[in-house]
Amino acid sequence: GHYLHYTIVATMDMAAFWIDNTWTLGVMWRWVAAILGGALFPMSLFPKTVAEALSWTPFPYFFAWPLEILLGRVTPNQWLFGMVVAMVWAVIFTWVVRQTYQRGLKVYSGVGI
């Protein structure tokens, strides 16, 4: 979960190659992740179809899923499914971070003191 979160945040932070302020992106990300990830209210409050759709996104793997594991509410098959989904997202965002960084280096210009 931590690595996946890092890769997504790092991708947004790489926007600093093109824009001056990435703080707003970070705030928006924290709100979206908290709402869709179950940090502000339980995933069980979402309609079943929404919760099932969210299980294919990275969001529940930041907050709700680790908590469900700690509470012993996850079966081995659910754990495996969650690990696979989280790993796929981690691989995708690792690739996105690398691509964004490489493109950002091409446009970077530093102005020193």
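Predicted model, so just to flag it, every value in this text is computed and none were measured.
Linking Ile, Leu, Val, Met, Phe, Trp and Tyr whenever their side-chain heavy atoms come within less than 4.5 Å leaves Tyr6 and Met14 in two separate clusters. Under a hydrophobic clustering in which Ile, Leu, Val, Met, Phe, Trp and Tyr are joined whenever their side-chain heavy atoms come within less than 4.5 Å, directly or via other members, Phe93 and Trp95 fall into the same cluster. Following chains of ILVMFWY side-chain contacts shorter than 4.5 Å, one can reach Tyr61 starting from Met83, so the two form part of one hydrophobic cluster. A continuous path of Ile, Leu, Val, Met, Phe, Trp and Tyr side chains, each step under 4.5 Å between heavy atoms, connects Phe81 with Val84, placing both in one hydrophobic cluster.
Chaining together hydrophobic side chains whose heavy atoms lie under 4.5 Å apart leaves Val91 on its own.
Applying the ring pair (Phe, Tyr, Trp, His ring centres under 6.0 Å) rule to Trp31 yields no partners; only residues at least two apart in sequence or on another chain are considered. For Ala16, the side chain to side chain contact (heavy atoms under 4.5 Å, CB included) partners at least two apart in sequence or on another chain are Thr22. Partners of Tyr101 according to the ring pair (Phe, Tyr, Trp, His ring centres under 6.0 Å) rule, which considers only residues two or more places apart in sequence or in another chain, do not exist here. Take Val32 and apply the side chain to side chain contact (heavy atoms under 4.5 Å, CB included) test, not counting sequence neighbours, and it matches Leu36, Phe59. The side chain to side chain donor-acceptor pair (under 3.5 Å) search around Thr94 returns Tyr3, not counting sequence neighbours. Applying the ring pair (Phe, Tyr, Trp, His ring centres under 6.0 Å) criterion to Phe63, with sequence neighbours excluded, gives no partner residue. Residues satisfying the side chain to side chain contact (heavy atoms under 4.5 Å, CB included) test with Ala34, not counting sequence neighbours, are Ala39, Leu40. Remark: Trp18 engages Thr100, Arg103, Val107 in a side chain to side chain contact (heavy atoms under 4.5 Å, CB included) (not counting sequence neighbours).
A 4.5 Å side-chain heavy-atom check between Phe41 and Ile35 finds at least one atom pair inside the cut-off. The side-chain heavy atoms of Ile8 and Pro58, taken from C-beta on, include a pair separated by under 4.5 Å.
The aromatic rings of Trp29 and His5 lie tilted to each other, with the angle between the two planes from 30° to 60°.
Listed by first and then second residue, the salt bridge (Lys or Arg N to Asp or Glu O under 4.0 Å) pairs involving residues 80-101 amount to none (not counting sequence neighbours).
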Which donor-acceptor pairs under 3.5 Å do the side chains of residues 64-78 make with protein atoms, sequence neighbours left out?
unit_1, atom_1, unit_2, atom_2, d
Thr75, OG1, Gln78, N, 3.1
Thr75, OG1, Gln78, OE1, 3.3
Gln78, OE1, Thr75, N, 2.8

Check: residues 44-51 side-chain donor-acceptor pairs under 3.5 Å, at least two apart:
none

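Residues Leu25 and Ala15 come closest through the heavy atom pair CD1-CB, 3.9 Å. Residues Met43 and Pro60 approach most closely at CE-CB, 4.1 Å, considering heavy atoms.
Put simply, OG1 on Thr24 and CD1 on Ile19 are 8.0 Å apart, with the number rounded to the nearest 0.5 Å.
At most 12 heavy atoms of other shown residues, nucleotides or ligands fall within 6.0 angstrom of atom CG in Asp20.
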